[in-house]
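What follows is one structure encoded as structure tokens, with my remarks underneath.
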There are 2 protein chains.
Amino acid sequence: MRRDNISMAVIRRMPKYYRYLDELHQNGVDKISSRALAEQMGLTASQIRQDFNCFGGFGQQGYGYHVETLRNEIASIIGIDRKHNAIILGVGNIGRALIRNFQFSQCGFSLLAAFDADAAMAGDVINKVPVLHIDELERFCKENRVEIAILTIPSKYAQTMAAKLTELGIKGLWNFTNVELKVCEDVIVEDVHFSDSMMTLCYRISEE
Amino acid sequence: MRRDNISMAVIRRMPKYYRYLDELHQNGVDKISSRALAEQMGLTASQIRQDFNCFGGFGQQGYGYHVETLRNEIASIIGIDRKHNAIILGVGNIGRALIRNFQFSQCGFSLLAAFDADAAMAGDVINKVPVLHIDELERFCKENRVEIAILTIPSKYAQTMAAKLTELGIKGLWNFTNVELKVCEDVIVEDVHFSDSMMTLCYRISEE
DNA sequence: TTGCCTCTGTTAAGTTTTTCACAGCACAAA
DNA sequence: TTTGTGCTGTGAAAAACTTAACAGAGGCAA
């Protein structure tokens with residue numbers, strides 16, 4: 001399974017494949033052809049075969065793809081079959097929403113703790129996740145192998161916090177602030193820019 | 001200003017341009033060259049010039065771009081200088097987070113009302129936005145020119161609700177559920193798939 | 001077993017997107 | 001005014017990405 005030089009375009013389709021295959025599997029579907037999957041997903045069969053081939057190809061000629069096998073292969077490619085430790089910074093509305101509702105384990109993560117600058121929250125437990133004061137961040141990161149941090153703090157603190165987390169050896173940041181973070185290049189930043197998404201929608205509904 | 005056949009790749013960069021230009025403007029910067037902007041944004045100067053040229057080109061040879069003018073042109077292209085009426089469906093954690101924190105007006109929208117199936121919430125007002133019972137949706141849409149709906153409801157209701165909203169003449173859906181919505185093609189769906197984003201991060205931190 | 005049909009992996013063609021290169025305008029300095 | 005530098009708009013080249021096409025493997029029925 002060669003996973004070098006895989007283009008971002010392909011990578012960003014993998015979670016979607018996973019989602020569809022997982023649903024098919026749960027509906028008891030055993031096998032599926034690239035054509036059938038393409039139709040459901042709104043892609044072309046060629047693209048699907050091409051995509052899977054980036055990782056070696058998991059189908060069988062004349063048969064198609066075995067849904068469960070393919071799903072598991074994709075899970076393994078993405079890495080969600082392993083557990084990566086995560087922490088969340090900022091227990092405001094969005095932070096709380098993620099802690100309560102987001103299925104971290106289904107995305108390969110384990111949410112170890114939440115941090116907030118508000119001392120009044122320290123000691124709380126939300127959805128089994130302990131809330132700690134931000135002053136404990138450094139100690140916590142040193143004691144636990146934290147791989148990613150989720151930024152749901154106010155924008156003005158984002159860059160400073162990103163720098164601190166970089167120092168503490170974090171590998172990835174899931175950034176919900178509307179700030180473009182500058183970090184050294186071995187730290188991965190995945191942005192969730194609500195406003196960009198909303199503005200795109202704004203443009204698209206205005207077209208005729 | 002020709003805005004037909006603009007590729008999605010270009011469109012998705014426009015909000016980012018807007019963000020940077022707005023910040024430059026607020027910092028008192030008057031003019032900027034494509035090269036300087038490229039450096040800040042992590043793009044190439046060529047791409048920036050190419051992008052702006054899709055809409056006619058707003059710069060001046062030998063000078064560069066006038067920040068405020070360019071920002072306003074982009075705002076007008078995206079459509080955030082107009083006001084589009086929006087409603088939000090589902091006042092759970094994410095819904096509440098958006099109502100409280102998201103700057104709708106800065107993205108060209110005006111959030112008229114929130115809807116929830118929980119009758120106990122009806123009559124509440126969150127951040128000046130009235131919460132109505134879902135039964136009032138139809139009446140409300142008929143009385144107000146609602147252009148987009150934000151889906152922050154449980155996934156299992158998403159498809160049904162999308163169909164209903166389509167009937168009511170909605171133009172766009174901002175979809176926070178992890179369901180792939182099937183709607184007729186003149187309705188625009190803009191997905192915010194947290195899990196796709198998180199899985200992509202998962203993949204990327206695993207690479208070496 | 002044979003023959004037919006389906007479907008993948010893979011190479012090639014086509015399309016889109018990005019980058020390069022440069023003519024020519026604008027401003028500043030002399 | 002003239003000269004030089006900086007910068008855009010634009011057409012062409014390069015790269016990336018998607019779609020098409022097809023050989024051949026495998027299933028299935030007779």
Side-chain angles (χ1 to χ4, degrees), chain A residues 1-17 20-21 24 29-74 77 200 203-204, chain B residues 1-17 20-21 24 29-74 77 200 203-204:
Chain A
M1 187 196 305
R2 55 203 137 93
R3 55 183 300 170
D4 45 331
N5 290 64
I6 308 291
S7 79
M8 246 323 182
V10 176
I11 304 300
R12 295 221 172 262
R13 278 191 293 270
M14 299 311 279
K16 190 168 170 183
Y17 288 131
Y20 271 88
L21 289 165
L24 285 168
V29 179
D30 264 358
K31 70 163 197 171
I32 193 156
S33 69
S34 57
R35 188 151 49 84
L37 187 58
E39 196 162 332
Q40 284 190 40
M41 294 184 64
L43 304 173
T44 66
S46 257
Q47 181 163 66
I48 289 178
R49 294 203 297 277
Q50 200 75 269
D51 282 353
F52 293 163
N53 245 99
C54 292
F55 302 98
F58 310 107
Q60 203 167 24
Q61 290 176 335
Y63 175 83
Y65 298 88
H66 185 252
V67 172
E68 190 177 2
T69 308
L70 183 55
R71 186 202 59 167
N72 293 345
E73 287 288 353
I74 291 176
I77 289 165
T200 306
Y203 176 91
R204 297 211 286 156
Chain B
M1 187 197 305
R2 54 204 138 93
R3 55 183 299 169
D4 45 332
N5 290 62
I6 307 293
S7 79
M8 247 323 182
V10 176
I11 304 300
R12 296 224 171 261
R13 278 192 293 271
M14 299 311 280
K16 191 167 170 183
Y17 288 132
Y20 272 88
L21 289 164
L24 285 168
V29 179
D30 263 358
K31 69 162 199 172
I32 193 158
S33 70
S34 58
R35 187 151 50 84
L37 187 57
E39 197 163 329
Q40 284 190 40
M41 294 184 62
L43 304 173
T44 67
S46 260
Q47 182 163 66
I48 289 178
R49 293 203 297 278
Q50 203 72 268
D51 282 353
F52 293 164
N53 246 99
C54 293
F55 302 99
F58 310 108
Q60 204 167 24
Q61 290 177 335
Y63 175 83
Y65 297 89
H66 185 253
V67 171
E68 190 178 2
T69 307
L70 183 55
R71 186 201 61 166
N72 293 344
E73 287 288 352
I74 291 176
I77 289 165
T200 306
Y203 176 90
R204 297 210 286 156

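Every chain is numbered from 1 and lettered A, B, ... according to where its sequence line falls, protein lines coming before strand lines.
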Exercise. Please report the closest heavy-atom contact between A:Pro15 and B:Thr200, naming both atoms and the distance.
Key: CG-OG1, 3.9 Å
Quiz item: Is there a side-chain contact between A:Leu43 and A:Asp51, using heavy atoms and a 4.5 Å cut-off?
Solution: no
Quiz item: Any N or O donor-acceptor pair linking the side chain of A:Ser46 to the base of D:dA20 at under 3.5 Å?
Solution: yes
Quiz item: Taking CD from A:Gln47 and P from C:dT15, how many angstroms apart are they, rounded to a whole number?
Solution: 16 Å
Quiz item: In whole Å, what is the span from the CZ atom of A:Arg12 to the C1' atom of D:dA16?
Solution: 16 Å
Practice problem: Answer yes or no: is there a side-chain heavy-atom contact under 4.5 Å between B:Met14 and A:Tyr203? | Solution: no
Quiz item: Does B:Ser34 place a side-chain N or O at less than 4.0 Å from the phosphate oxygens OP1/OP2 of D:dT8?
Solution: yes
Quiz prompt | Distance in angstrom units between B:Asp51 CG and D:dG9 P, rounded | solution = 12 Å
Quiz item: Between D:dA20, C:dT8, D:dA12, which nucleotide has the shortest distance from any of its atoms to the side chain of A:Arg49?
Solution: C:dT8
Quiz item: Side chain of A:Gln50, base of C:dT10: donor and acceptor closer than 3.5 Å?
Solution: no
Quiz item: The side chain of B:Ser33 lies closest to which of these nucleotides: D:dT8, C:dT11, C:dT17?
Solution: D:dT8
Quiz item: In whole angstroms, how far is the C1' atom of D:dA16 from the CD1 atom of A:Ile6?
Solution: 14 Å
Quiz item: Could you state the CZ-P distance from A:Arg35 to C:dT6, rounded to the nearest angstrom?
Solution: 8 Å
Quiz item: Can you check the B:Phe58 CZ to D:dC7 C1' distance for me, whole Å?
Solution: 17 Å
Exercise. Take the angle between the ring planes of B:Phe52 and B:Tyr65 and call it parallel below 30°, perpendicular above 60°, tilted in between.
Key: perpendicular
Quiz prompt | Integer-rounded Å distance: D:dG11 P and B:Asn53 CG | solution = 9 Å
Quiz item: Going by heavy atoms in the side chains, are B:Ile74 and B:Phe55 under 4.5 Å from each other?
Solution: no
Quiz item: Can you check whether B:Leu21 reaches B:Val67 side chain to side chain, under 4.5 Å on heavy atoms?
Solution: yes
Quiz prompt | Any B:Thr44 side-chain nitrogen or oxygen under 4.0 Å from OP1 or OP2 of C:dT18 | solution = no
Quiz item: Separation of A:Ile48 atom CD1 from C:dT8 atom C1', in whole Å?
Solution: 12 Å
Exercise. State, yes or no, whether a side-chain contact exists between A:Arg13 and A:Met41 at a heavy-atom distance under 4.5 Å.
Key: no
Exercise. Identify, residue by residue, the members of residues 61-71 of chain B with a heavy atom below 4.0 Å from DNA chain C, and return them in order of residue number, or none.
Key: B:Gln61, B:Gly62
Quiz item: Of B:Gly59 and A:Leu43, whose closest DNA chain D nucleotide lies nearer the 5' terminus?
Solution: B:Gly59
